[in-house]
K.L.:
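I have a structure here, written as structure tokens, and I will follow up with some questions on it.
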Amino acid sequence: MSLKLSVVIPTFNELDNLDEIVKRLDLTLSQVKWEVIFVDDDSPDGTATKAKSISLLDSRVRCIKRVGRRGLSSACVEGILSSSAPYVAVMDADLQHDEGILPEMLRELEHENYDLVVGTRYMEGGGVGDWDESRKSSSKIATVISQKILGVTLNDPMSGFFMMKRDSFDLCVYRLSNMGFKILLDIFVSSPKKLTFKEVPFHFRQRYAGESKLDQKVIWDYFLLLIDKTIGQYIPTKLISFACIGAMGVGIHLLVLGFVLKILEQPFTWAQTTAVVLAMVFNFNLNNILTYRDQKLVGFSFWIGLVKFMLACSVGALANVGVASVIYKDYGYWIVSGVAGVLVGVVWNYVATSLIVWPKKTNK
Ligand code: GDD
Ligand code: MN
């Protein structure tokens with residue numbers, strides 16, 4: 001019997017779920033030849049070591065350990081690319097996804113010839129269990145936005161549980177954004193041909209062991225994915241993220257300036273200097289957490305990064321003022337001159353910091 005299905009499971013600190021998920025896959029997939037590929041981002045709890053020790057005894061189990069990387073979507077993509085089975089499934093390690101529907105998903109793909117089958121929480125027969133109201137409503141809002149802005153017709157585009165034909169995946173892999181958590185949505189909107197799909201309901205269960213990695217930052221990831229899939233072909237998404245944070249930095253700058261000037265009653269130069277420094281620290285931090293989340297600087301590198309960031313942005317400020325002054329002198333429109341200066345400054349800051357503060361790294 002040749003290999004039919006690869007189940008790709010991204011993992012980060014899922015040590016205590018591995019045995020159980022392999023056991024359950026074994027039970028539910030007894031009729032087909034399958035394998036499971038754990039893609040682990042060097043979890044501190046030793047998930048990769050555990051997965052590899054299971055694979056020594058069970059050749060259906062494989063593990064890709066990535067070093068110096070983070071990201072659910074990119075982990076799934078690498079897992080899928082590493083497999084050769086004609087069908088691939090993606091699911092979580094924590095047993096929140098009901099592995100019991102895998103055979104039905106496979107049947108639909110094989111016999112009904114769909115490109116994709118999605119495990120859906122939002123239809124008759126599915127559900128999200130006892131999520132709190134805020135998680136329920138944010139998931140709903142993200143779903144509606146995807147449906148309206150990206151024109152996705154899935155009931156549950158945020159689902160992380162699906163199975164698809166390898167050939168259909170191979171067609172869209174070149175266009176994937178690979179950002180954040182929303183791998184299904186990314187695949188769906190990146191496909192050059194309209195994917196035919198079927199939705200199978202399931203109940204999102206409680207986590208078996210460990211903790212969720214989904215935090216507030218995924219909202220920014222989601223925003224970036226939307227940007228990437230709409231205007232991303234014209235402007236780099238990271239530049240947009242950088243510019244939005246820059247705009248917030250202007251707000252911080254004005255707040256600090258007003259505070260030091262009016263409340264603390266300090267001289268203007270002092271107030272402006274404080275505002276510049278704090279706005280830079282704010283911008284550096286937010287970019288480190290959001291824009292460059294996948295290459296976040298920590299520890300000593302954080303402080304070195306901050307100094308480099310401030311130096312690069314100081315040059316950006318000079319360029320900004322220089323360009324604005326030249327245009328103002330020649331044409332006299334203050335708004336046009338100001339905006340031109342800001343644009344030059346932002347682009348400079350983005351390019352310079354992406355090269356010296358957050359350079360694309362080869363693995364540590
Ligand atoms: N390799 C890798 N790298 N795996 C990761 C990373 C990462 O940076 N972050 C999370 N994972 C793995 C987890 O170990 C888990 O197996 C799976 O991805 C999902 O992460 P959870 O932390 O369990 O996410 P969740 O349950 O809160 O979110 C789920 O529901 C969302 C919809 O509301 C996931 O299924 C999401 O994909 C889904 O969008
Ligand atoms: Mn989970």
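Both counts, for ligands and for their atoms, begin at 1 and track the order of listing.
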K.L.:
side-chain hydrogen bond (donor to acceptor under 3.5 Å, both in side chains) with K52: which residues, sequence neighbours excluded?
P.N.:
none
K.L.:
Under 3.5 Å, is there a donor-acceptor pair between the side chain of T274 and the main chain of W270?
P.N.:
yes
K.L.:
Does the Q96 side chain pair with the main chain of R205, one donor and one acceptor, at a distance under 3.5 Å?
P.N.:
yes
K.L.:
Can K65 and D42 be counted as an ion pair, charged N to O under 4.0 angstrom?
P.N.:
yes
K.L.:
Salt bridge check: are K213 and E14 linked by an N-O gap of less than 4.0 Å?
P.N.:
yes
K.L.:
Using a strict cut-off of under 4.0 Å between a residue heavy atom and any atom of ligand 1, list the qualifying protein residues by chain and number.
P.N.:
P10, T11, F12, E14, V39, D41, R70, G71, L72, A75, D92, A93, D94, Q96, H97, R121, W131, R135, M158, G160, F181, K182, F204, R207, S212, K213, L214
K.L.:
Residues in ring pair (Phe, Tyr, Trp, His ring centres under 6.0 Å) with Y292, at least two apart?
P.N.:
W358
K.L.:
With distance as the sole test, does N13 use its side chain to make a donor-acceptor pair with the main-chain N or O of D45 at under 3.5 Å?
P.N.:
yes
K.L.:
Strictly below 4.0 Å, N to O, side chains only: are K198 and E112 in salt-bridge contact?
P.N.:
no
K.L.:
At a cut-off of 2.8 Å, what protein N/O/S atoms sit near the Mn ion (ligand 2)?
P.N.:
D94 OD2, Q96 OE1
K.L.:
Please determine if K165 and D170 form a salt bridge, counting it only when a charged side-chain N lies under 4.0 Å from a carboxylate O.
P.N.:
no
